[in-house]
Asks: 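First, the structure itself, so that you have it in front of you.
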Amino acid sequence: MTAEAVAAPAVRPVRPRGPGRHALALLAPGIVALLLTYAMPLVWVLRMSLNESGEGGLIRQTVSFATFAEVLSSAHWWNVIGQTVELGVLVTVCTLVVSYPLALFLARTTSRWRGLLVALAVTPLLISSVARTFGWMAILGNQGLVNKTLGELGIISEPLQLANNLTGVVIASTEIYMPFAILAMISGFGRLDPELEHAAASLGAPRRTVFRRVVLPLTLPGVLTAALMVFVLSLSGYVTPRLIGGGRVFVLATEIYDQATTALDWPVAAVLSVLLLALFGVVIAVYLRAQKVLEARFTGPQGARS
Amino acid sequence: MGDTPHLVLSGLAKTYPGADGAAVRGIDLTVERGRILAVLGPSGCGKSTTLRLIAGLVAPTAGRIEVDGRDLTDVPVHRRDMGVVFQSYALFPHLDVARNVAFGLEMRAVGKAEVKRRVGEALELVRLGHLAGRRIAQLSGGQQQRVALARALVVEPSVLLLDEPLSNLDARLRSTMQDEIGRIQRETGITTVFVTHDQQEALSMADSVAVMNEGRIEQTGTPQDIYERPARPFVARFVGRANMVEGTSRGRDGERTLVELPGLGKVPAAGDPVETGRPATVMLRPHRIALAAAAPESGGARGTVLSAAYAGETVAYRVRLGDDGPVLDVERPTGSEASHGPGAEVALSWDPEAPRLVADPS
Ligand SMILES: Nc1ncnc2c1ncn2[C@@H]1O[C@H](COP(=O)(O)OP(=O)(O)OP(=O)(O)O)[C@@H](O)[C@H]1O
Ligand SMILES: [Mg+2]
């Protein structure tokens, strides 16, 4: 009996296993690629941001925060940061407002065309955002579709200023980011169940109340994810602010490009890049916080679990 | 309570857009005030559709729904004043238990203090007072079901509709909840329609049972009517287990009809008379047949045991009548009598009330 007990395999402590050799081998290509394309340039940018710039595109190799101090004490750069955030907020709000009804419809429809409709909603992604931006220039410009039509109908005498300013960038960006927002929302609307709406109606809620008390709260997580996505995309967006902004909309992405290629001031470009990165950090922190608050409403406070 | 019709369905029909056939094909039903009606039928027969029609969640293609004589056909869901308990419970995941239950009261603009009092009472009724602050995700299936019940009851609806409310529960919890729903329904006196595919549940909980098949009502009656006097073979087979033996009518014998059955001879059967010489179907419930070891030269029905399956409280036998007659299911309680192994010769007997004529649909 004792011999059996000793031999019983079940009592042997199980050693926690680390990742095997195979797992490491499988991970290697990805890790190498990430190191080369992501980590190394990042380190390089961080290093560059600590240099100072001399005259004529010279770079003084040091380790100092002088360039940071120079950028952060300039009203111009603060303006650029402000406009970046402003554009991000405006684009995010507009995109969410326009995409929400579409996403809600696509998530709830039981039509057999649903798959096709979802595919249609994202087909704009097949066309490069450069081409779509040019399309918007043709629509929004002073000689564009909108102004031509309104002018010929005699509704306006002066062309509306729809391009070469923030308005135009917001309009075009909204359309460009809509497919992303719709996809993010549809996948985030998982808790939406038509039976919940039926239940609310059977309890006496008219349609508007059903939306306000049931549909909206249940779709907020999806809206939040879409908001994060659009905000981050628009913070880093370059093509649309550059082309439709017509040189009058200054955001971090366009300024980094200019500093790096035109002014050849790499330390300033690097500092702006680091600031943009910090902005992303703030946005993601806010997102995680908001997500936690929402999640707590579904599952209750952590302490009350189990 | 009384015998005044409260909920009346007449000629109710529904064809879903794009579907080949109708889901519900003309239903007539009456539920008296304060009574429980069970709608019983196999999967896909249109039970849920019927309930959804009553609740107003789908629009009928034909027919009327009346409550207290008032036509509800064009009244939208939120003004029908019906409590619905969905099969999936459909509890709001973003609200806690108390706020789920409070939802309907808030829609009726009930004052804060009264909402609190009535939510408390409703939760006590379903014995969940201690879980008022819980999230839905933190409840067991049975608890969720009781929250759904409390949420539907708290608004004191004129009619309570339950769609297979117990089908997701284990056997023990199901029987507890059957008792609780029965108790709550008696305490509140709300007219109730509940859908189920479990015949035991329908028989034990309802004042009357409507058996549905392929979008139609096959029979409506008290549980005793349905079980003991099924109007059609479908009802006999679906509600409880039944041996259906086909034979020929050989005329009347007092109150009963004599039916000549293969392997059994002439058997008197109660039920609507069948003309002499016409085919007739006789139903014999397995538990109403008694078995005894056959004495060599005794008369009466005899047969051979084909198989005997032990199931705890009962033994289920299959017995072939005569040498090549039909096979009957027989169910005997264990313990009180001798058991019979396969191959045993047995004599079969039953009380004269047991065989019943069941009309074939024509
Ligand atoms: N929304 C719908 N669109 C089309 N057909 C439907 C729809 N809902 C139900 N049906 C069909 O109508 C018929 C009746 O469905 P119903 O849900 O009423 O059945 P049920 O008796 O409740 O079945 P179960 O016991 O499986 O719940 C089925 O054939 C089903 O396929
Ligand atoms: Mg159903």
Side-chain angles (χ1 to χ4, degrees), chain A residues 100 104 107-117 185 187-225 290-306, chain B residues 16-18 48 51-52 54-58 75-97 99-110 131-139 147-148 150-157 159-163:
Chain A
Y100 184 78
L104 200 56
R108 283 161 25 133
T109 183
T110 50
S111 155
R112 73 178 103 167
W113 303 109
R114 180 172 184 266
L116 184 69
L117 291 174
M185 284 187 196
S187 61
F189 285 178
R191 284 185 227 258
L192 208 58
D193 173 1
E195 210 78 315
L196 295 177
E197 295 170 51
H198 292 161
S202 78
L203 289 165
R207 283 181 87 122
R208 294 231 320 269
T209 314
V210 174
F211 177 77
R212 192 167 48 79
R213 295 282 312 265
V214 177
V215 177
L216 194 58
L218 291 178
T219 49
L220 273 186
V223 173
L224 191 67
T225 308
Q291 200 189 34
K292 223 179 186 162
V293 170
L294 273 186
E295 205 49 47
R297 291 181 38 186
F298 289 104
T299 54
Q302 296 288 346
R305 289 251 178 108
S306 85
Chain B
Y16 286 104
S48 296
L51 215 64
R52 280 162 189 277
I54 302 175
L57 296 169
V58 298
V75 178
V77 191
H78 67 275
R79 295 219 206 91
R80 286 204 180 188
D81 193 27
M82 293 191 179
V84 186
V85 175
F86 293 86
Q87 184 169 352
S88 61
Y89 311 144
L91 297 172
F92 305 127
H94 57 300
L95 303 178
D96 65 18
V97 168
R99 302 227 34 215
N100 260 278
V101 178
F103 192 93
L105 295 173
E106 285 163 10
M107 292 306 121
R108 284 159 176 76
V110 174
L131 295 182
R134 281 274 187 100
R135 297 283 155 177
I136 299 309
Q138 301 169 328
L139 299 179
V147 176
R151 184 178 69 175
L153 281 169
V154 74
V155 298
E156 294 170 5
V159 176
L160 183 63
L161 306 171
L162 309 166
D163 193 352

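In the text below, chain A, chain B and the rest are named by the order of the sequence lines, each starting its count at 1. Computation of the quantities below employed the complete heavy-atom set of this structure, encompassing side-chain atoms and omitting hydrogens, waters and symmetry-equivalent molecules.
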Asks: Which region of F92(B), side chain (C-beta onward) or backbone (N, CA, C, O), has a non-hydrogen atom less than 4.5 Å from a non-hydrogen atom of chain A, or is it both or neither?
Replies: both
Asks: A199(A) and A90(B): which non-hydrogen atoms are nearest, and at how many Å?
Replies: CB-O, 3.8 Å
Asks: Against S202(A), only a single residue in V77(B), V85(B), V155(B) fulfils side-chain contact (heavy atoms from CB on, under 4.5 Å); can you say which?
Replies: V77(B)
Asks: H94(B) side chain to R213(A) main-chain N or O, any donor-acceptor pair under 3.5 Å?
Replies: yes
Asks: Measure the spacing between CG of L57(B) and CD of E195(A) and express it to the nearest 0.5 Å.
Replies: 7.5 Å
Asks: Please identify each residue that fulfils salt bridge (Lys or Arg N to Asp or Glu O under 4.0 Å) with R108(B), with sequence neighbours left out.
Replies: D81(B)
Asks: By a 4.5 Å heavy-atom criterion (distance strictly below it), what part of L218(A) contacts chain B: side chain, backbone, both, or neither?
Replies: side chain
Asks: Going by the rule side chain to side chain contact (heavy atoms under 4.5 Å, CB included), which residues pair with A205(A) if we only count those two or more places apart in sequence or in a different chain?
Replies: A200(A), T209(A), V210(A), F103(B), M107(B)
Asks: So, do L95(B) and P217(A) sit near enough that their side-chain heavy atoms are less than 4.5 Å apart?
Replies: no
Asks: L203(A) pairs by side-chain contact (heavy atoms from CB on, under 4.5 Å) with which of H78(B), E106(B), R151(B), M82(B)?
Replies: R151(B)
Asks: I would like to know whether R135(B) and E295(A) meet salt bridge (Lys or Arg N to Asp or Glu O under 4.0 Å); could you show each step before the answer?
Replies: CA-CA 11 Å; R135(B) 297 283 155 177; E295(A) 205 49 47; over 6 Å; no
Asks: Check each atom of L91(B) against the heavy atoms of chain A and say whether the ones under 4.5 Å are side chain, backbone, both or neither.
Replies: backbone
